[in-house]
2 protein chains.
Amino acid sequence: MKPGDTYTPHDCRPVGEILNQIGGKWTVLIITRLKHGPMRFSELKRLIGGISQKVLTATLRELEMNGFVTRTVTPSIPPRVDYELTDLGRELLVPLDAVSEWALANRQRVLDARKAFFEQNPDAVPPRIGQVATLIHSGNSSDSSAPVAGG
Amino acid sequence: MKPGDTYTPHDCRPVGEILNQIGGKWTVLIITRLKHGPMRFSELKRLIGGISQKVLTATLRELEMNGFVTRTVTPSIPPRVDYELTDLGRELLVPLDAVSEWALANRQRVLDARKAFFEQNPDAVPPRIGQVATLIHSGNSSDSSAPVAGG
DNA sequence: CCGGGTGGTTTCCGTTGGTAACTCACGCTA
DNA sequence: TAGCGTGAGTTACCAACGGAAACCACCCGG
């Protein structure tokens, strides 16, 4: 964006700032996983599945900085760290959980839409290759002839 | 995640898949900007502000593939491309808009939480530097002596 | 021929995310 | 005494994603 690119700053930029804070790849998952009470680090990691320690640590730090979770260290051996939603986090959980549940409820519709799109546009190649391939090849009803590899 | 790292795949992985699809940095902004009707490419770009053409194009393609928006090309001179939410997109808009409005309504609370955190932990350094610095130094009520740069 | 406006792609580079190994501090086992 | 396992976290390295800017194709006005 150029400096002279004057746009009307509706309600968009502030939203974008906060969205960038909660827009980490795993933030929604972490917050929704925390909704049933405090959780230990490895518990979270195990429950989410597919997240690395590095990113889980970083995302939790970020959530802590933004006031969404608290981090409680019990100095035992081995050390024990519990993460829990704050009031702010619990409030954020409400809309985030709605998104999460929408995603769960409409997963198949998205998958079907993807399939329909690629059947109508066989030459289309998804710009975000990795994740897209995962989605297509995963729990799809019949992912044979997934047109993503053909190009 | 290792292959032998068996976890119970609750409702977490499917959600994560869809979330990765809609979890692009700008996806929420784009969908919520589209809620009042179809929009042209540059209109979207101007309205959102801060997004590059490349990413806007890629994100819109992704949304199109997932069945959230339609892309209508009018072969006029200069060419005109309109993007509009599908039914699926309008349904997704509901929870996404809730997130967006939460972010707008609670922006200052997040900012305050950040400030309080950094006042209590002056040594803390945010792992995601760029965005965090932007957030702190931006429309904050009094961002003088923002402790992030001092380290 | 030059510049403007539109939608989009390409190039380069910084940031983010993933993988694997290592650390710390202890108790258990041999 | 040495080695192993634990739990939270860090580090090094590397691929993918996101951002800035340039370029492309198209046609019109001057």
Side-chain angles (χ1 to χ4, degrees), chain A residues 1-5 16 19-30 38-62 64 69 71-83 124-135, chain B residues 1-5 16 19-30 38-62 64 69 71-83 124-135:
Chain A
M1 181 190 168
K2 294 183 190 122
D5 208 351
L19 250 33
N20 277 348
Q21 297 304 305
I22 65 177
K25 194 173 170 182
W26 300 96
T27 315
V28 178
L29 248 11
I30 292 176
M39 270 209 186
R40 305 184 57 171
F41 182 86
S42 355
E43 213 174 348
L44 261 177
K45 179 162 147 42
R46 222 181 314 274
L47 193 58
I48 291 177
I51 191 173
S52 58
Q53 278 139 324
K54 189 182 79 167
V55 177
L56 181 54
T57 305
T59 312
L60 283 169
R61 286 281 145 80
E62 214 179 333
E64 193 194 359
V69 306
R71 179 172 179 271
T72 311
V73 180
T74 307
S76 61
I77 295 296
R80 173 196 180 100
V81 182
D82 287 277
Y83 293 93
V125 142
R128 283 171 187 163
I129 356 103
Q131 316 175 354
V132 166
T134 304
L135 224 195
Chain B
M1 181 190 166
K2 292 179 191 132
D5 206 352
L19 250 34
N20 277 347
Q21 297 304 305
I22 65 177
K25 195 173 171 182
W26 299 96
T27 316
V28 179
L29 247 13
I30 292 177
M39 269 208 188
R40 305 185 58 172
F41 183 87
S42 354
E43 213 174 348
L44 262 177
K45 179 160 147 43
R46 222 180 314 272
L47 193 57
I48 290 176
I51 191 173
S52 59
Q53 283 122 324
K54 189 183 80 168
V55 178
L56 182 54
T57 306
T59 312
L60 284 169
R61 287 280 146 80
E62 215 179 331
E64 193 192 359
V69 306
R71 180 172 181 271
T72 311
V73 181
T74 307
S76 62
I77 296 297
R80 171 192 183 103
V81 182
D82 286 278
Y83 294 92
V125 143
R128 282 171 188 162
I129 353 104
Q131 316 174 355
V132 165
T134 304
L135 225 194

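Reminder, nothing fancy here: chain letters follow the sequence lines and each chain counts from 1. Not measured: the values here are computed from a predicted model. The analysis underlying the following values was restricted to heavy atoms, covering all of them including side chains, and did not include hydrogens, waters or symmetry mates.
Residues of residues 71-79 of chain B that place a heavy atom closer than 4.0 Å to DNA chain C, in numerical order, are B:Arg71, B:Pro78, B:Pro79.
The shortest side-chain heavy-atom distance between B:Phe41 and B:Leu56 falls under the 4.5 Å cut-off. Side-chain contact between A:Lys45 and A:Arg40: absent, with no pair of heavy atoms (C-beta onward) separated by less than 4.5 Å. In this structure, A:Ile30 and A:Tyr83 have side chains that are not in contact, with every pair of non-hydrogen atoms separated by 4.5 Å or more.
Computed from coordinates, the A:Leu56 CG to C:dT16 P distance equals 17 Å when rounded to whole Å. For the pair B:Arg80 CZ and D:dC27 C1', the computed distance is 17 Å after rounding to whole Å. Whole-Å rounding puts the B:Arg46 CZ to C:dT6 P distance at 6 Å. Summarising the geometry, the separation between CZ on A:Arg40 and C1' on D:dG9 is reported as 14 Å, rounded to the nearest angstrom. When the P atom of D:dG7 is taken as reference, atom CG of A:Leu60 falls 17 Å away, rounded to whole Å. Atom P of nucleotide C:dT6 and atom CG of B:Leu44 are separated by 14 Å, given to the nearest angstrom. Rounded to whole Å, the distance from CG on A:Asn20 to P on C:dT16 is 10 Å. When rounded to the nearest whole Å, the span between CD of A:Glu64 and C1' of D:dG9 equals 14 Å.
Residue B:Trp26 places at least one side-chain N or O closer than 4.0 Å to OP1 or OP2 of D:dG19. For A:Lys45 and D:dG7, the shortest distance from a side-chain N or O to OP1 or OP2 is not below 4.0 Å.
Residues forming a salt bridge (Lys or Arg N to Asp or Glu O under 4.0 Å) with B:Arg80 (at least two apart in sequence, or on another chain): B:Asp82. B:Val28 meets the side chain to side chain contact (heavy atoms under 4.5 Å, CB included) test with A:Leu19, B:Thr32, B:Leu96; sequence neighbours excluded.
Nearest heavy atoms, B:Pro78 versus B:Ser76: O-OG, 2.9 Å. Taking all atoms of both residues into account, the shortest heavy-atom contact from B:Val81 to B:Val73 is CG2-CG2, 4.3 Å.
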Please write out the pairs of protein N or O atoms and N or O atoms of nucleotides 9-12 of chain C separated by less than 3.5 Å, giving the distance to one decimal.
from, atom 1, to, atom 2, distance (Å)
C:dT9, OP1, B:Arg61, NH1, 3.4

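Note: B:Ile48 CD1 to B:Leu29 CG = 5.5 Å, rounded to the nearest 0.5 Å.
The stretch residues 49-59 of chain B participates, sequence neighbours left out, in no salt bridge (Lys or Arg N to Asp or Glu O under 4.0 Å) pair at all.
Across C:dG8, D:dG18, C:dG18, the shortest atom-to-atom separation from the side chain of B:Val55 is found for D:dG18.
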